[in-house]
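Take a look at the structure below.
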Amino acid sequence: MNTPTCFSLSSTDDHVAHLVLNRPEAMNTMHPTFWRELDEVLTQLHTEGTARALVISSTGKHFSAGMALETFSGAIAMDDQSPEGRAAIFDLLSDMQATFTKIEALRIPVICAIQGGCIGGAVDMVTAACIRYATADAFFCIQEINIGMVADVGTLQRLPKLIPFAVVKEMAYTGRRLPAQRALAYGLVNEVFDTPEAMLAAALQCAKEIASKPPIAIWGTKQAVNYARDHSVEDSLRQMGWLQGAIWSNAHVRESITAMKEKRAGSFTPLSALQSFKALG
């Protein structure tokens, strides 16, 4: 993968990957290059299996102002003049949606550290994460309605699973901002911090704690929680039985208990690197 221009990617000795949106002069807006680079980074992290948790943070006054509006008048043509053109919008959006779904489907937990504005497409992005921390000045805004369109890359599908339905409707219909303290009260964010520095430190510490657990147990937990969100209790319990039967490890349990008693870090096998069947030919 080429060095990204919209992001910086680093990792710690504790197996934590840190992805930073680094275009503060443009309020970290999302254009085709942003989307391509994010997709490539997520694919790399998913395939390699070396990182055990991912923190996504940002730079500047705002986490992200969402989609770069000039994109719609330049790089992306939204043809509403024919049924064929309108049908192509479906496939365009499916491709964009798939990138944020990679955050949700990533084999490791994802923590977003959000300062300032989280607007439009940025709400689509962070709702796909596992954990969200925010600064006291952070706010969330479904901006799409303010520019005459429907939010279409995940917000309206994921946000109702995170906060009360009526609050989603209020935000989606009015375009009003949801401030950090209300977001905390509704459960959209896990904690609110006074400064971006304190927030990022907490996010990295949480990621470090996650990374200290057996990676396959974390993988299994993420699989089970996401499945349970979208299925009945009965179906989820059945899936849990299959899942536990597939990944149970006596060795990991013994090592976890021994490490806890000895007050040391556990030693665990990393996730296996993934191979592409298409790349084998």
Side-chain angles (χ1 to χ4, degrees), residues 1 4 7-20 38-57 100-113 125-126 128-133 189-191 198-231 235-277 279-280:
M1 186 184 72
F7 305 90
S8 63
L9 178 65
S10 60
S11 59
T12 70
D13 294 336
D14 300 306
H15 306 288
V16 172
H18 186 193
L19 184 65
V20 182
L38 178 61
D39 197 275
E40 290 174 351
V41 168
L42 294 172
T43 299
Q44 175 186 330
L45 291 169
H46 187 78
T47 301
E48 289 178 346
T50 53
R52 300 183 181 182
L54 170 64
V55 172
I56 300 177
S57 67
F100 286 165
T101 296
K102 285 187 176 183
I103 296 174
E104 187 173 63
L106 200 65
R107 292 195 287 166
I108 57 177
V110 180
I111 303 169
C112 283
M125 181 178 180
V126 304
C130 301
I131 296 168
R132 285 158 294 276
Y133 290 155
V189 299
N190 296 63
E191 194 168 350
M199 173 186 62
L200 181 57
L204 291 169
Q205 176 60 31
C206 181
K208 179 181 177 181
E209 291 177 30
I210 292 169
S212 71
K213 316 298 183 185
I216 192 62
I218 292 293
W219 176 88
T221 300
K222 184 173 180 179
Q223 297 293 320
V225 169
N226 284 352
Y227 189 92
R229 178 195 60 192
D230 300 325
H231 296 78
D235 288 345
S236 299
L237 287 170
R238 185 176 298 110
Q239 183 255 7
M240 187 67 249
W242 294 331
L243 177 62
Q244 191 73 294
I247 66 172
W248 176 264
S249 170
N250 289 324
H252 287 166
V253 173
R254 285 195 299 268
E255 172 62 9
S256 296
I257 294 173
T258 301
M260 184 168 52
K261 289 180 176 178
E262 297 178 354
K263 297 182 179 180
R264 60 171 175 81
S267 177
F268 303 109
T269 306
L271 295 176
S272 297
L274 301 179
Q275 294 186 10
S276 170
F277 182 78
L280 297 176

(request) Determine whether the side chains of E40 and Q44 contain a donor N or O and an acceptor N or O closer than 3.5 Å. (result) no
(request) Considering non-hydrogen atoms only, spot the tightest contact between W248 and V253 and give its length. (result) CH2-CG2, 3.9 Å
(message) Using every non-hydrogen atom in the two residues, find where A203 and I111 come nearest and quote the distance to one decimal.
(response) O-CD1, 3.6 Å
(message) Is the shortest side-chain heavy-atom distance between R264 and T258 below 4.5 Å?
(response) yes
(message) I'd like to check P109 versus I218 (side-chain heavy atoms, cut-off strictly below 4.5 Å). Are they in contact?
(response) yes
(message) I need the H18 NE2 to T12 OG1 distance, nearest 0.5 Å.
(response) 10.5 Å
(message) On a heavy-atom basis, which atom in D235 and which in Y227 lie closest, and how many Å separate them?
(response) O-CE2, 3.8 Å
(message) Let me confirm one number: the CG-OG distance from L19 to S8, rounded to the nearest 0.5 Å.
(response) 7.0 Å
(request) Check F268 against P215 and note the closest heavy-atom contact, atom names and distance. (result) CB-CD, 3.7 Å
(request) Answer whether the closest heavy-atom distance between the side chains of W219 and L243 falls below 4.5 Å. (result) yes
(request) Keeping the roles fixed (side chain from K222, backbone from I108), state whether a donor-acceptor pair exists under 3.5 Å. (result) yes
(message) For the NZ atom on K213, are there more than 12 heavy atoms of other groups (residues, nucleotides or ligands in this structure) within a distance under 6.0 Å?
(response) no
(request) Over all heavy atoms of both residues, which pair between L45 and A17 is shortest? Give the atoms and the distance, please. (result) CD2-CB, 3.9 Å
(request) Working to the nearest 0.5 Å, report the span between CZ of R107 and CG of L54. (result) 13.5 Å
(message) To the closest 0.5 Å, what do you measure between CG (L271) and NE2 (H46)?
(response) 9.5 Å
(request) Tell me, yes or no, whether the heavy-atom count around Q275 atom CD, taken from other residues, nucleotides or ligands under 6.0 Å, exceeds 12. (result) no
(request) Taking all non-hydrogen atoms of both residues into account, name the closest pair between M240 and A224 and its distance. (result) SD-CB, 3.8 Å
(message) Could you check whether any side-chain heavy atom of Q223 comes within less than 4.5 Å of a side-chain heavy atom of I247, counting everything from C-beta outward?
(response) no
(message) Rounded to the nearest 0.5 Å, what separates atom SG in C112 from atom CE in M199?
(response) 10.0 Å
(request) Give, for atom CD of Q205 and atom CD1 of I210, the distance between the pair rounded to the nearest 0.5 Å. (result) 10.5 Å
(request) Would you mind reporting whether I216 and S249 have side-chain heavy atoms less than 4.5 Å apart? (result) no
(message) In the structure I gave you, are the side-chain heavy atoms of V55 and L200 within less than 4.5 Å of one another anywhere?
(response) yes
(message) Whether the side chain of E255 engages the backbone of S267 through a donor-acceptor N/O pair (distance < 3.5 Å, no angle test) should be reported.
(response) yes
